[in-house]
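Written below as structure tokens is the structure these notes are about.
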Protein chains: 2
Amino acid sequence: MTGRSDDRPTPSLEDYLEAIAELKAEGGKATVTALGKVIGVKKPSVHSAMKKLVEAGLVTHEKYGDVRLTPAGARIADEVCRRHKALLSFLANILMVDPTIAEQDACKMEHALSEESIHRLEKYISFVRECYPGSPEWGDIFDRYVDQGRDERTIPDGDGVRH
Amino acid sequence: MTGRSDDRPTPSLEDYLEAIAELKAEGGKATVTALGKVIGVKKPSVHSAMKKLVEAGLVTHEKYGDVRLTPAGARIADEVCRRHKALLSFLANILMVDPTIAEQDACKMEHALSEESIHRLEKYISFVRECYPGSPEWGDIFDRYVDQGRDERTIPDGDGVRH
DNA sequence: ACGAAATGTAAGCCTGGGCTAACATTTACG
DNA sequence: CGTAAATGTTAGCCCAGGCTTACATTTCGT
């Protein structure tokens, strides 16, 4: 009863599924070279990854053709994308981490979080959004807090992190 | 200017460093078998990991002796531990994920987050703690929100996850 | 429509990080 | 104090997931 099909593909394979979905979403074809560029690996690496995904029944890939997600593959790709979006939103909009770094971190964390945690994170994000509707102060307040260590009054707490 | 010594050991090696620190903290010796039990691997795996950590100058390990962190190793172990604690605190205390799952997720994510994100996460945690000092309502409100999809009024969102 | 450029595939290598089986050393107990 | 149990080490294997190099197929431009 822990969580449904928690037999996730490996992080690497999840990345490939995500990239395939991404390319399709942009109206393009998921070719071996395109995937290689998106993910940052060489063509033969993509090829062998596709072999594994085909075996797992997550994509179809005819010789010299493009790659397509099966329903099962699409479902997983959506899941990964959902995790990515939630993490990115939290990092960028709530923690207000630099967008580039937030993106990098989301890419890595999206493979590490359980379904339960992501579920609650999504809820938390919308909860915060609804409880502080469009509050423009929020960013400033938290930003000052991060830089100074306290809200208004400056009382150094000496935790060593300074920057 | 991106981030200091961002040449982290691999996730696996970070786990070993963390475990060594943990064992010491509990007043024990970091032996090969103890490490194997903590991390969940066999002795030879520990052994070869230690070889790498010795090469990297992060631990000392004399033949048939116990393992000790060098200053550099201790510094990294502390960092990892800091990341772990921040993530665990966020998951367990703010998202209120089940403690066991929170612990598992923290273990995996602690290798994925950048220094910048962890820094801001730590600040966020104390910020929330200070802004909602001991509010016992908080947990209930958010909990209901998670289960119901809205704050007070019940508007099911049908996302299928139920538990 | 044919050959060059782009694209896809195959074979084989490397590294990280596990494992087992076998051997070495140390520890502890009768 | 000597031997069995515990502990540590070595050698050699496996898998994931990259890589290069070489070869196959398709696409395109003239």
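The model shown is predicted, which means the values in this text are computed figures rather than measured ones.
- If you measure from atom CG of A:Leu53 to atom C1' of D:dA16, you get 13 Å, rounded to the nearest angstrom.
- Applying the side chain to side chain contact (heavy atoms under 4.5 Å, CB included) criterion to B:Thr33, with sequence neighbours excluded, gives B:Thr31, B:Lys43.
- Checked against side chain to side chain contact (heavy atoms under 4.5 Å, CB included), A:Glu26 has the following partners two or more places apart in sequence or in another chain: A:Glu22, A:Leu23.
- For the pair B:His47 and D:dT9, the criterion of a side-chain N or O lying under 4.0 Å from OP1 or OP2 is met.
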Under 3.5 Å, which protein N or O atoms sit close to an N or O of nucleotides 25-28 of chain D? Give each pair with its distance.
from, atom 1, to, atom 2, distance (Å)
D:dT25, O4', A:Tyr64, OH, 3.3

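- Here the C1' atom of nucleotide C:dA10 and the NZ atom of A:Lys51 are 8 Å apart, to the nearest Å.
- Considering only residues two or more places apart in sequence or on other chains, B:Val41 meets the side chain to side chain contact (heavy atoms under 4.5 Å, CB included) condition with B:Tyr16, B:Ile39, B:Ser45, B:Val46.
- In this structure, the CD atom of B:Glu62 is 17 Å from the C1' atom of D:dT7, given to the nearest Å.
- Take A:Glu14 and apply the salt bridge (Lys or Arg N to Asp or Glu O under 4.0 Å) test, not counting sequence neighbours, and it matches A:Arg83.
- No side-chain donor-acceptor contact under 3.5 Å links B:Ser117 to the backbone of B:Ser114.
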- Query: Base, backbone or nothing for each nucleotide of nucleotides 14-19 of chain C, written B, S, -, heavy atoms under 4.0 angstrom, 5' to 3'?
  - Reply: --SSSB

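- With sequence neighbours excluded, the residues satisfying side-chain hydrogen bond (donor to acceptor under 3.5 Å, both in side chains) with A:Asp15 are A:His111.
- Take B:Asp66 and apply the salt bridge (Lys or Arg N to Asp or Glu O under 4.0 Å) test, not counting sequence neighbours, and it matches B:Arg68.
- By the side-chain hydrogen bond (donor to acceptor under 3.5 Å, both in side chains) test, B:Ser12 is found to be paired with no residue, residues two or more places apart in sequence or in another chain being considered.
- Contact between the side-chain N/O atoms of B:His61 and the OP1/OP2 oxygens of D:dG8 is not found at any separation under 4.0 Å.
- With rounding to whole Å, B:Asp66 atom CG is found 11 Å from C:dT27 atom P.
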